[in-house]
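Not measured: the values here are computed from a predicted model.
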Amino acid sequence: AFILYWFHLRDDEKFRSVLKVHPQGRTDLPEVGVFASRSPNRPNPIGLTVVELVEVKNNVLIVKGLDAPPGSPIIDIKP
């Protein structure tokens with residue numbers, strides 16, 4: 001399943017205005033666009049992750065492989 005979530009810890013004008021970063025924070029590497037890196041600083045703080053659906057209990061989904069930070073609001077779940 002695909003999980004869309006909000007990068008709530010990075011929802012700040014300071015982080016949203018960053019368009020170029022040094023990969024992995026290494027200043028010895030040239031700057032690249034945020035979309036060419038795994039930077040959490042994004043103009044649009046929506047994250048996407050793929051998870052394995054393990055179990056469904058009533059209205060609770062048990063998944064494996066969710067890499068969203070704890071407490072991240074879930075926007076949508078796609079099969």
pair Leu66-Ile3: side-chain heavy atoms closer than 4.5 Å: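 Contact flag for Leu66/Ile3 side chains = yes.
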Just jot down the side chain to side chain donor-acceptor pair (under 3.5 Å) partners of Asn59, sequence neighbours excluded, or say none.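 Listed in chain order: nothing, the list is empty.
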Could you work out, with side chain to side chain donor-acceptor pair (under 3.5 Å) as the rule, every residue matching Asp76, not counting sequence neighbours?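 Lys78.
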One pair to check against side chain to side chain contact (heavy atoms under 4.5 Å, CB included): Asp11 and Arg16. What are the steps and the verdict? CA-CA 7 Å; Asp11 189 12; Arg16 292 181 84 168; 3.2 Å; yes
Report yes or no: does Ser17 contribute a side-chain atom to a donor-acceptor pair with the main-chain N or O of Glu13 at less than 3.5 Å?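 It does hold such a pair.
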Determine yes or no for a side-chain-to-main-chain donor-acceptor pair under 3.5 angstrom, with Asp12 supplying the side chain and Lys14 the backbone.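 Indeed, once roles are kept as given, a pair shorter than 3.5 Å links the two residues.
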Cluster overlap [X] with [Y], hydrophobic side-chain contacts below 4.5 Å:
X     : Y     : result
Ile74 : Leu4  : no
Tyr5  : Val63 : yes
Ile46 : Phe2  : yes
Leu53 : Val60 : no

The criterion is salt bridge (charged side-chain N to carboxylate O under 4.0 Å, His left out); which residues satisfy it with Asp67, sequence neighbours excluded?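 So Asp67 forms no salt bridge (charged side-chain N to carboxylate O under 4.0 Å, His left out) with any residue.
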Heavy-atom count around Asp28 CG within 6.0 Å, excluding the residue itself: above 12?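 Enclosed: over 12 neighbouring heavy atoms sit under 6.0 Å from CG of Asp28.
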Using a cut-off of 6.0 Å, state whether more than 12 heavy atoms not belonging to Gln24 lie near its atom CD.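 No, CD of Gln24 has 12 or fewer neighbouring heavy atoms, counting only those of other groups under 6.0 Å.
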